[in-house]
Amino acid sequence: DAESREWLAQLNGHGNVRTDAIRRLYELLVRVGRREVHRRGTRINGAELEDIVQQAASDATIAILRKLTAFRGDSRFTTWARDS
């Protein structure tokens, strides 16, 4: 789909385009992490929880950037990234 192609183009791009795409990917993964923590009903909260969510999002962002070439387009890029 066009949105997935745009994600790939921007993440494989250069300069501010790439930087902005990485920031948006990270923010998406932070939101996913927060929802998952809420869904699981964890006992951790506050600053500790936010630190864990942000670290997980950072790790996931790096992992996704390393395997961009593995994206085949079988699903939307955001779905693939979330499930990676």
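Everything numeric in this text was worked out from a predicted model, so none of it was measured.
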Student: Report, one line per pair, each donor and acceptor closer than 3.5 Å where one atom sits in a side chain of residues 15-27; sequence neighbours left out.
Tutor:
residue: Arg18; atom: NE; partner: Leu11; partner atom: O; Å: 2.9
residue: Thr19; atom: OG1; partner: Gly15; partner atom: O; Å: 3.1
residue: Arg23; atom: NH1; partner: Glu27; partner atom: OE1; Å: 3.2
residue: Arg23; atom: NH1; partner: Glu27; partner atom: OE2; Å: 3.3
residue: Arg24; atom: NH2; partner: Gln10; partner atom: OE1; Å: 2.2

Student: Sub-3.5 Å donor-acceptor pair from the side chain of Asp51 to the main-chain atoms of Ala47, do we have one?
Tutor: no
Student: Which heavy-atom pair separates Ser75 from Ser4 by the least distance, and what is that distance?
Tutor: O-OG, 4.3 Å
Student: Would you list the atom pairs, donor with acceptor, under 3.5 Å between side chains in residues 77-84 and any protein atom, with sequence neighbours excluded?
Tutor:
residue: Ser84; atom: OG; partner: Trp80; partner atom: O; Å: 2.6

Student: Output all residues satisfying side chain to side chain contact (heavy atoms under 4.5 Å, CB included) with Val53, sequence neighbours left out; order by chain, then residue number.
Tutor: Val30, Arg34, Val37, Leu49
Student: Quiz question: by atom type and distance under 3.5 Å, do the side chains of Gln55 and Asp59 form a donor-acceptor pair?
Tutor: yes
Student: Find out if a path of hydrophobic residues (ILVMFWY) with successive side-chain heavy-atom gaps under 4.5 Å connects Phe71 to Leu68.
Tutor: yes
